[in-house]
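Remarks on the structure that follows.
The residues of the chain are indexed from 1 along the displayed sequence. Whatever order the structure lists them in is the order used to number ligands and atoms, beginning at 1.
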Amino acid sequence: MCGIAGIVAKSNVNQDLYDALTVLQHRGQDAAGIVTCQDGRLNQRKGNGLVRDVFHTRHMQRLQGHMGIAHVRYPTAGSSSPALAQPFYVNSPYGISLAHNGNLTNSAELSQELFQSDLRHLNTESDSEVLLNIFAHELQRLGKLVPSADDIFEAVSGVHKRCRGGYAVVAMIANYGVVGFRDPNAIRPLVYGKRETPAGTEYMLASESVALDALGYTLVGDVAPGEAVYITHDGEFHIRQCAEKVNWAPCIFEHVYFARPDSIMDGISVYKSRLRQGERLAEKVLRERPDHDIDVIVPIPDSSRIAAQSMAAVLGVKFREGLVKNRYIGRTFIMPGQSARKKSVKQKLNAIGLEFKGKNVMLVDDSIVRGTTCEQIIEMARDAGARKVYFASAAPPVRFPNVYGIDMPSATELIAHGRSVEEIRTEIGADWLLYQDLDDLLDCSAEGNPNISRFECAVFNGDYITGDVDQAYLDQLEADRNDSNQAAKNASAGDGALIGLHNDVS
Ligand SMILES: O=P(O)(O)OC[C@H]1O[C@H](OP(=O)(O)OP(=O)(O)O)[C@H](O)[C@@H]1O
Ligand SMILES: NC(=O)CC[C@H](N)C(=O)O
Ligand SMILES: [Mg+2]
């Protein structure tokens with residue numbers, strides 16, 4: 001998952017974009033980038049690392065301009081090389097930079113088309129660079145010296161006709177404005193808001209509403225599936241539906257893990273979804289073991305805290321923060337490579353012995369994906385003297401790869417793939433393993449917005465909503481992006497010496 005933001009304001013946007021990225025940091029820890037536009041010139045800074053490490057004062061001072069876009073990256077295509085950090089830039093037509101959250105499922109075919117028919121050069125293996133070039137080509141085809149809002153929307157329609165997969169995008173057209181759009185299934189999130197100033201109205205697009213809140217923007221709404229928003233550099237606001245067929249089916253995993261709980265996505269409060277997830281888990285406990293002997297419920301920080309609290313409240317069982325999180329360690333799941341993920345669980349979490357000693361402990365996590373976290377935490381709970389260690393997951397078993405922007409490319413790396421719940425329980429060493437049912441999970445989110453009746457949930461049921469994902473695609477994805485392959489790619493990507501074009505590395 002990546003985080004994106006775009007602002008058209010009445011004064012410099014550098015600090016606001018930086019602040020937006022820090023609020024979206026949980027969506028990507030690998031690389032960060034900002035591009036601003038000042039008098040037709042684009043200023044850019046991007047590189048590997050956390051937001052606070054990529055941008056120093058000297059970079060911020062150079063990022064002048066009243067409009068700009070920004071990105072934090074969690075790779076799902078190519079390597080972690082700084083050359084794949086976003087935003088990407090292409091000079092023709094007009095000078096366009098683009099930041100993308102999601103993953104294209106037809107990126108290989110599009111790369112061929114771009115080379116053979118559109119006569120465009122791709123410099124990396126990034127699907128986002130493909131997306132940028134498709135958008136640029138569709139805009140160039142119109143042959144306008146000065147693009148109108150109609151032209152920009154027509155180019156977005158062209159993108160929808162050619163691209164498949166998940167994409168939430170912000171793009172900036174030098175001199176003209178910022179455009180934001182979402183794929184026809186609205187798999188990846190994108191909201192927009194505004195802020196009134198004495199100089200006029202300012203607009204902002206972001207992956208999550210929490211970024212708008214932090215900057216004092218008022219949430220206006222979600223960009224609808226297939227819809228595009230275009231804000232000209234002088235603050236004219238345009239919005240239009242650009243896809244022929246749409247279906248509002250956002251990714252359910254945002255509500256389970258990715259999004260911050262204080263975000264409202266597609267009209268649904270992530271916080272309330274997680275509260276409901278905990279309630280449903282409690283109901284399942286009561287159905288499966290009405291005479292359960294749980295002494296204490298302990299969340300695995302951070303993402304499971306809310307569900308664990310409501311679960312404990314419904315069960316009338318003590319809720320205790322028995323695991324303390326090191327606040328300086330980021331998210332484990334989105335780290336590249338299994339050895340880094342494994343190491344970070346122990347650096348990140350430590351048990352408070354007295355909450356475990358002699359007790360039957362129910363550990364709660366939002367999800368179990370590779371099993372990295374739960375295996376180590378169960379062991380930690382036993383070492384701390386727990387009598388019995390039970391485990392509940394607020395999401396159902398993750399059995400299928402994700403192809404829309406979450407880096408779960410390899411079925412065989414998923415602990416639940418091809419295993420029954422009982423086999424998983426044995427594998428992770430729990431005395432009892434409880435998974436949320438998929439219908440319950442979906443209800444927890446649907447309750448927040450009755451207009452959304454479908455969610456993208458292929459990781460749980462293998463039903464890929466774009467209809468173009470077959471076994472051959474999944475086999476290729478697994479071959480390209482399994483952990484050992486990625487490690488090799490990242491090793492050969494270099495430490496920053498191999499840098500993309502247009503990158504200010506000083
Ligand atoms: O089964 P796994 O492969 O370990 O993946 C699942 C775990 O990873 C995530 O935590 P993470 O540390 O990334 O983030 P968090 O602090 O937001 O919980 C998630 O919340 C689970 O704890
Ligand atoms: N997680 C994402 O949204 C990734 C965006 C893009 N596919 C990349 O790898 O950079
Ligand atoms: Mg976690």
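- Residue Asn101 has at least one heavy-atom neighbour below 4.0 Å for each of these atoms of ligand 2: 2 (C), 3 (O).
- Arg276 has no carboxylate O lying under 4.0 Å from a charged side-chain N of Glu279, or vice versa, which leaves the two without a salt bridge.
- In this structure, Glu113 pairs ionically with Arg162, as a charged nitrogen and a carboxylate oxygen lie closer than 4.0 Å.
- For ligand 1, the atoms sitting less than 4.0 Å from at least one non-hydrogen atom of Phe333 are 3 (O), 5 (O), 8 (O), 9 (C), 11 (P), 13 (O), numbered in the order shown with element in parentheses.
- Taking CD of Glu129 as the reference point, atom OG of Ser107 lies at 10.0 Å (rounded to 0.5 Å).
- Scanning all protein heavy atoms for the shortest distance to atom 7 (C) of ligand 1 gives Thr373 OG1, 3.4 Å.
- Remark: ligand 1 atoms within the under-4.0 Å shell around heavy atoms of Gly371 are 1 (O), 2 (P), 3 (O).
- Checked for salt-bridge contact, Arg382 and Asp431 meet the test: a charged N lies under 4.0 Å from a carboxylate O.
- Residue contacts with ligand 2: Cys2 is placed with a nitrogen or oxygen under 3.5 Å of a nitrogen or oxygen of the ligand (distance criterion only).
- Taking the six-membered ring for Trp and thresholds of 30 and 60 degrees, Phe253 and Phe333 have ring planes inclined between 30 and 60 degrees apart.
- Within the 4.0 Å heavy-atom criterion, the part of Gln86 lying near ligand 2 is the side chain and not the backbone.
- Residue His71 places no N or O, backbone or side chain, under 3.5 Å from any N or O of ligand 2.
- The N/O atoms of Val369, backbone and side chain alike, include one that comes under 3.5 Å of an N/O atom in ligand 1.
- Distance from atom 5 (C) of ligand 2 to its nearest protein heavy atom, with residue and atom name: Gly102 O, 3.2 Å.
- Atom 10 (O) of ligand 2 has Arg73 NE, 2.6 Å as its closest protein atom, hydrogens excluded (heavy atom only).
- Contacts between Ser128 and ligand 2, counted as non-hydrogen atom pairs separated by less than 4.0 Å, involve the side chain only.
- Assignment of Asp127 to the shell around ligand 2 is supported, since a heavy atom sits closer than 4.0 Å.
- Residue contact check: Pro75 has heavy atoms under 4.0 Å from atoms 9 (O) of ligand 2.
- In this structure, Tyr18 OH and Leu63 CG are separated by 12.0 Å, a value rounded to the nearest 0.5 Å.
- Rounded to the nearest 0.5 angstrom, Asn402 CG and Glu456 CD are separated by 6.0 Å.
- Between Arg164 and Glu109 there is no salt bridge, since no side-chain nitrogen of the basic residue lies less than 4.0 Å from a carboxylate oxygen of the acidic one.
- Remark: of the listed residues Asp183, Asp266, Ile4, Ile4 is the sole one forming a side chain to side chain contact (heavy atoms under 4.5 Å, CB included) with Leu190.
- Against a heavy-atom cut-off of under 4.0 Å, His100 is close to the following atoms of ligand 2: 5 (C).
- For Asp463 and Arg454, the salt-bridge test passes: some basic side-chain N is under 4.0 Å from an acidic carboxylate O.
- Using modelled atom types and a 3.5 Å distance limit, the side chains of Ser207 and Asn101 yield no donor-acceptor pair.
- Backbone and side-chain nitrogen or oxygen atoms of Ile368 are examined, and none is located within less than 3.5 angstrom of a nitrogen or oxygen of ligand 1.
- Interface atoms of ligand 1 facing Thr372, defined by a heavy-atom separation under 4.0 Å, are 1 (O), 2 (P), 3 (O), 4 (O).
- Counting only non-hydrogen atoms, the option in Asp302, Asp365, Leu349, Val364 that gets closest to atom 22 (O) of ligand 1 is Asp365.
- There is a side-chain donor-acceptor pair under 3.5 Å between Gln338 and Arg341.
- Of all protein heavy atoms, the one lying nearest to atom 20 (O) of ligand 1 is Asp366 OD2, 2.4 Å.
- Considering only non-hydrogen protein atoms, atom 17 (O) of ligand 1 sits nearest to Ser303 OG, 2.5 Å.
- Ranking protein heavy atoms by distance to atom 14 (O) of ligand 1, first place goes to Tyr257 CE1, 3.4 Å.
- Remark: among candidates Arg370, Lys325, Glu413, the nearest residue to atom 3 (O) of ligand 1 is Arg370, based on non-hydrogen atoms.
- Taking every heavy atom of Thr332 and a limit of under 4.0 angstrom, the matching atoms of ligand 1 come to 11 (P), 12 (O), 13 (O).
- The shortest N/O to N/O separation between Gly405 and ligand 2 falls below 3.5 Å.
- Not one N or O of Ser367 is nearer than 3.5 Å to an N or O of ligand 1, by distance alone.
- Listed by number with element, the atoms of ligand 2 under 4.0 Å from a non-hydrogen atom of Asn103 are 7 (N).
- Between the side chains of Tyr257 and His26, no donor-acceptor pair of N or O atoms lies under 3.5 Å.
- A tilted orientation is assigned to the rings of Tyr74 and Phe258, their planes being inclined by 30° to 60°.
- Residues Arg260 and Glu208 are not paired through a salt bridge, judged by the lack of any N-O separation under 4.0 Å between the basic side chain and the carboxylate.
- For ligand 2, the atoms lying closer than 4.0 Å to a non-hydrogen atom of Tyr74 are 1 (N), 2 (C), 4 (C).
- Salt bridge status for Lys284 with Asp440: absent, with no side-chain N to carboxylate O gap under 4.0 Å.
- Within the 4.0 Å heavy-atom cutoff, Lys348 counts among the residues contacting ligand 1.
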